[in-house]
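Here the structure is laid out as structure tokens; the discussion comes afterwards.
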Amino acid sequence: MRYDVAIIGTGPAGISAALNLKLHNKSIIWFGSSDLSMKVEKSEKIANYPGVPMVGGQSLNDIFKRQIEDAGLEITDKMVTSITTTRQGFMILGDNDIYEADQILLATGTIAAKSLPGEQELLGKGVSYCATCDGFLYKQKSIAVLCSAKRYEHEVKYLAELAKKVYLYAAYSDCEINLPNVELLGSSIREIKGQERVEHITTLSGEEYPVDGVFILRTAVAPTSLMNNLEVDGNHIAVNRKMETNIPGCYAAGDCTGRPYQIAKAVGEGNIAAHSIVEDK
């Protein structure tokens, strides 16, 4: 199925855009976590959001969820790992499924983790962000996995069913992976090395492990890894006043476009982006 607009991200910017696009009867595919923004959720008190004084983050997310439900919007809880331009618009890879849209809005928020040395250079040459997409390539091979959140443990288990050996670093405290072919690393991956393809990893503690591939399961993928030729300004997506990027039909809003990292700013940019999308089509 083809959609008018694809939205990547379920934080305040994505919510604002989705609500406005729904009002304009646009068909939407909306990717992100159904739990919405963990950054908002973990905020103790938010004092500068107009109309909702001194609200807790969890309470504000509950309000957002009710608005989404009342609007009849649906969230596709899949990790987007690749976006490519086509003659008609955009092709989006969400987990192992392909979606198409005429226009696209990036509302990905800030990416907390920086790329690892060697990650970008070896992307597609042994480095992957999607277990279900590329796991079959590593049957009976050795791989390393960096898992950033407990919600991706099912993907680690899936990879362990395929691979001969898995070196796992879990970036959280309550990892429940206990499988005979999975070795838990005591320190995180420092670097991914290889010439034409991935050959080995090194850890922060200085250990080296030979591997055929590396799976990086983060809560979000950096926009520059999602789309080729996307123009950036430092660590942020470059946009104009209409929230347009340098790629025709592609817009961005929220924390991913730069400071201030505030909900009111994100909601405003999501609104602007939605109206620009409607006007420009």
Side-chain angles (χ1 to χ4, degrees), residues 8-11 31-44 56-58 61-62 65 75-81 93-97 108-116 118-119 123 126-192 198 200-222 225:
I8 318 298
T10 53
F31 297 98
S33 170
S34 56
D35 292 327
L36 307 186
S37 168
M38 286 299 100
K39 178 182 174 182
V40 173
E41 184 81 11
K42 293 178 180 179
S43 298
E44 184 176 359
Q58 185 174 350
N61 257 356
D62 287 342
K65 288 174 184 177
I75 294 170
T76 300
D77 200 343
K78 292 185 178 183
M79 169 71 78
V80 173
T81 54
L93 182 64
D95 287 349
N96 209 26
D97 296 316
T108 55
T110 55
I111 309 302
K114 294 181 179 179
S115 294
L116 298 170
E119 178 180 335
L123 185 61
V127 173
S128 175
Y129 299 125
C130 180
T132 54
C133 303
D134 299 326
F136 73 96
L137 297 171
Y138 298 92
K139 289 181 179 179
Q140 293 304 302
K141 294 184 178 182
S142 296
I143 60 172
V145 180
L146 192 159
C147 185
S148 68
K150 195 175 185 67
R151 61 181 291 207
Y152 300 123
E153 285 192 354
H154 69 284
E155 295 198 36
V156 179
K157 292 176 182 177
Y158 169 74
L159 289 169
E161 291 174 358
L162 298 169
K164 180 179 180 180
K165 179 72 175 183
V166 178
Y167 298 101
L168 170 65
Y169 178 74
Y172 51 95
S173 59
D174 55 342
C175 178
E176 296 182 5
I177 301 291
N178 184 18
L179 297 170
N181 65 331
V182 177
E183 180 178 338
L184 294 177
L185 300 179
S187 62
S188 185
I189 298 171
R190 179 178 64 188
E191 187 174 3
I192 304 168
V198 168
H200 60 268
I201 61 164
T202 57
T203 66
L204 291 174
S205 58
E207 297 167 308
E208 186 172 292
Y209 298 89
V211 293
D212 300 294
V214 179
F215 286 82
I216 300 173
L217 308 179
R218 296 195 184 104
T219 53
V221 178
S225 298

Measuring from T203:OG1 to E191:CD, what's the distance to the nearest 0.5 Å?
11.5 Å
Taking the side chain as everything from C-beta on, heavy atoms only, tell me whether V80 gets closer than 4.5 Å to L93.
no
Whether the Y172 and E153 side chains hold a donor-acceptor pair (N or O, under 3.5 Å, no angle test) is what I'd like checked.
yes
What pair of heavy atoms forms the shortest contact from C175 to L168, and how long is it?
SG-CD2, 4.2 Å
Say whether, by atom type as modelled, one donor and one acceptor occur between the side chain of T202 and the main chain of G206 under 3.5 angstrom.
no
May I have the step-by-step check of side chain to side chain contact (heavy atoms under 4.5 Å, CB included) for L36 and K65, ending in yes or no?
CA-CA 8 Å; L36 307 186; K65 288 174 184 177; 3.5 Å; yes
Does the side chain to side chain contact (heavy atoms under 4.5 Å, CB included) test come out yes or no for V127 and F215, once each step is laid out?
CA-CA 6 Å; V127 173; F215 286 82; over 6 Å; no
In short, G32 meets I75 closest at the heavy-atom pair O-CG2, 3.3 Å
Is any side-chain heavy atom of L185 closer than 4.5 Å to one of Y209?
yes
Between the main-chain N or O of L116 and the side-chain N or O of E119, is there a donor-acceptor pair closer than 3.5 Å?
yes
Check for a donor-acceptor pair, side chain of S187 on one end and backbone N or O of S205 on the other, with a separation under 3.5 Å.
yes
What is the minimum heavy-atom distance between T10 and S33, and which atoms define it?
OG1-O, 2.9 Å
Measure across E155 and A131 and return the closest heavy-atom pair with its distance rounded to 0.1 Å.
OE1-CB, 3.2 Å
For E183 and Y169, does a side-chain donor sit closer than 3.5 Å to a side-chain acceptor?
no
Less than 4.5 Å apart, side chain to side chain, heavy atoms only: is that true for F31 and M79?
no
Using 4.0 Å as the upper bound for N to carboxylate O, is an ion pair formed by D212 and K164?
no
So does A160 get a backbone contact from the side chain of N181, meaning a donor-acceptor N/O pair under 3.5 Å?
yes
Trace of the side chain to side chain contact (heavy atoms under 4.5 Å, CB included) decision for I143 with K165
CA-CA 6 Å; I143 60 172; K165 179 72 175 183; over 6 Å; no
Can you tell me how far apart OH (Y138) and CG (L162) are? Round to the nearest 0.5 Å.
12.0 Å
With side chains defined as the heavy atoms from C-beta onward, is the minimum distance between V211 and Y167 less than 4.5 Å?
yes
Under 4.5 Å between any side-chain heavy atoms of D35 and D77, yes or no?
no
L123 versus Y129: any side-chain heavy-atom pair under 4.5 Å?
yes
Determine whether V214 and S128 make a side-chain contact, defined as any pair of heavy atoms from C-beta on separated by less than 4.5 Å.
no
Can you see which heavy atom on D95 is nearest to which on C130, and at what distance?
O-SG, 3.4 Å
Scanning both residues in full, the closest heavy-atom pair of A144 with I189 reads CB-CD1, 4.3 Å
Under 3.5 Å: donor-acceptor pair, side chain of S148, backbone of L217
yes
Measure the spacing between NZ of K42 and CG of N61 and express it to the nearest 0.5 Å.
12.0 Å
Is it true that a side-chain atom of T76 and a backbone atom of K78 form a donor plus acceptor pair closer than 3.5 Å?
no
Can you tell me if D174 has over 12 outside heavy atoms packed within less than 6.0 Å of its CG?
yes
So do L179 and V166 actually touch side chain to side chain, heavy atoms under 4.5 Å?
no
